[in-house]
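For reference, the structure is listed below as structure tokens.
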Amino acid sequence: MTAKYVVITLAIGKSFEEMGKFTHPLMKRYAEKCNAEFIVLDQRKLDKDLGLVTYEKFQVFDYLDGTFDKVLFIDTDVVVCPNAPNLFELCPPGVFAAANEEKYSMSKAHKLITQRVLGAVDWTRPYFNSGVMIFDRKHKDMFNPENPILRKWISCEENNDHIMSDQPILNYLVNHENYDFIDLGYKFNRTRVLKDTHNRFKSYFIHYAGPSGHRYGARLTQIKSDCEVASSSTLFFLSKNFSIFRWTADRFCLSFIEYVYRKIKP
């Protein structure tokens with residue numbers, strides 16, 4: 001029997017709907033290349049007491065009922081490049097895979113607070129970014145919106161919009177459940193912490209997490225521009241293989257010119 005795969009993204013709210021107009025066609029193209037379905041979660045369905053809309057990614061629980069063999073979750077603010085390899089084939093069954101950001105994130109604080117709230121675990125997996133994750137039916141309980149560990153996390157007195165997001169609890173659950181883990185590497189989830197932004201098209205998934213994206217100008221403008229590059233065989237080839245081309249092109253774009261003008265304006 002042929003394995004069934006699905007690529008899922010979350011786009012709830014006007015800003016993410018706008019991003020999705022540019023990023024979703026690239027995700028859909030990638031899904032088709034991987035012989036996978038493509039699904040956009042665009043409605044709030046979970047209890048309002050979960051708080052942050054990012055917790056709506058726990059809707060993937062409904063797709064781990066046996067219909068699909070593997071699920072690839074991608075944040076809507078991710079640009080998928082046309083040369084991205086098939087992650088469904090690269091990741092073995094029963095393994096949770098995501099990109100390690102241990103060195104760049106608030107991992108130390110997140111590990112401390114989750115274990116203070118939920119109890120100590122043997123934390124041996126690297127702290128990962130939850131913007132790109134691949135998993136299967138073995139991990140169903142981890143995404144159960146009624147999981148008592150999740151419920152305790154969202155209801156604790158220390159809950160706030162910065163620390164108490166989905167990423168710390170997902171990291172905690174991977175370690176709590178002792179799941180096998182594979183680090184996908186930064187090329188499958190390249191965030192702004194990598195400063196050589198002109199080399200971003202050497203990666204496969206470019207993630208615009210945070211308010212500033214990868215460079216100057218509005219995040220949506222950056223996403224739109226990079227989606228145009230990823231959709232053009234010529235621009236993508238030049239951007240991927242000639243860093244000086246991408247560096248120059250970035251500095252001749254309107255958003256960079258506006259940034260410089262604001263800096264030098266008396």
Side-chain angles (χ1 to χ4, degrees), residues 10 12-13 15-16 46-61 73-78 95-135 139 141-197 200 203 205-215 219:
L10 176 69
I12 298 175
S15 63
F16 288 99
L46 304 183
D47 293 344
K48 292 296 177 72
D49 59 356
L50 283 175
L52 294 175
V53 72
T54 57
Y55 285 111
E56 292 291 332
K57 67 177 59 174
F58 282 78
Q59 289 186 43
V60 300
F61 176 77
F73 180 88
I74 309 175
D75 276 353
T76 277
D77 58 352
V78 172
V95 171
F96 186 97
N100 176 9
E101 66 167 30
E102 187 91 26
K103 296 179 180 179
Y104 313 112
S105 68
M106 296 179 63
S107 60
K108 184 176 181 180
H110 289 177
K111 289 179 182 180
L112 287 173
I113 193 171
T114 51
Q115 291 182 90
R116 185 167 68 242
V117 172
L118 303 171
V121 293
D122 183 18
W123 202 303
T124 58
R125 287 83 177 156
Y127 192 86
F128 61 85
N129 184 289
S130 63
V132 178
M133 305 178 289
I134 188 164
F135 44 88
H139 310 103
D141 290 343
M142 172 180 169
F143 290 96
N144 186 349
E146 299 302 324
N147 187 323
I149 297 176
L150 172 63
R151 290 288 164 173
K152 185 176 181 180
W153 172 249
I154 63 168
S155 63
C156 76
E157 293 180 357
E158 296 176 81
N159 200 337
N160 64 72
D161 286 355
H162 185 58
I163 296 294
M164 303 309 230
S165 66
D166 64 282
Q167 185 163 296
I169 184 60
L170 288 170
N171 271 271
Y172 179 89
L173 288 168
V174 165
N175 287 276
H176 182 273
E177 301 302 326
N178 199 32
Y179 290 134
D180 291 331
F181 179 87
I182 288 180
D183 176 11
L184 293 177
Y186 74 89
K187 286 191 173 183
F188 283 100
N189 193 344
R190 186 188 185 103
T191 60
R192 68 185 186 279
V193 298
L194 298 173
K195 302 302 183 183
D196 56 339
T197 185
R200 63 190 180 277
S203 295
F205 289 25
I206 308 171
H207 190 181
Y208 289 85
S212 59
H214 281 260
R215 51 198 190 280
R219 183 163 64 139

Original post:
Sequence neighbours excluded, which residues qualify as side-chain hydrogen bond (donor to acceptor under 3.5 Å, both in side chains) partners of T114?
Top reply: none

Original post:
Going from CG on D75 to CZ on F16, what distance comes out if it is rounded to the nearest 0.5 angstrom?
Top reply: 7.5 Å

**OP:** If the plane angle is over 60° it's perpendicular, under 30° parallel, otherwise tilted; pick one for H110 and Y127.
**Re:** tilted

Original post:
Taking the side chain as C-beta and beyond, is there a heavy-atom pair between N171 and W123 under 4.5 Å?
Top reply: yes

Subject >> Side-chain heavy atoms of K57 within contact of D166, under 4.5 Å >> reply: yes

Original post:
Just by distance, do the side chain of R200 and the backbone of F205 share a donor-acceptor pair under 3.5 Å?
Top reply: no

Subject >> Nearest heavy atoms of L10 and T54, plus distance in Å >> reply: CD2-O, 4.1 Å

Subject >> Side chains of L184 and F128 in contact at under 4.5 Å (non-hydrogen atoms) >> reply: no

Original post:
In terms of ring plane angle, is the pair H139 and F135 parallel, tilted or perpendicular, where the classes change at 30° and 60°?
Top reply: perpendicular

Subject >> From CG (D77) to OG1 (T191), nearest 0.5 Å >> reply: 10.5 Å

Original post:
Would a 4.5 Å heavy-atom cut-off, applied to side chains only, mark V60 and M133 as touching?
Top reply: no

Original post:
Given side chains that start at C-beta, do those of S15 and R219 come closer than 4.5 Å, heavy atoms only?
Top reply: no

**OP:** Mind checking side-chain hydrogen bond (donor to acceptor under 3.5 Å, both in side chains) for E102 and listing every partner two or more places apart, or none if nothing turns up?
**Re:** K111

**OP:** Test side chain to side chain contact (heavy atoms under 4.5 Å, CB included) on I113 and W153 and set out the steps.
**Re:** CA-CA 10 Å; I113 193 171; W153 172 249; 4.1 Å; yes

Subject >> Option passing side-chain contact (heavy atoms from CB on, under 4.5 Å) with I169 (candidates I154, L118, V174, N147) >> reply: L118

Original post:
How would you list all residue pairs meeting side-chain hydrogen bond (donor to acceptor under 3.5 Å, both in side chains) that involve residues 178-189, not counting sequence neighbours?
Top reply: R125-N178, N129-N189, N189-H207

**OP:** Would you check if the side chain of Y172 reaches a backbone N or O of G119 as a donor-acceptor pair within less than 3.5 Å?
**Re:** yes

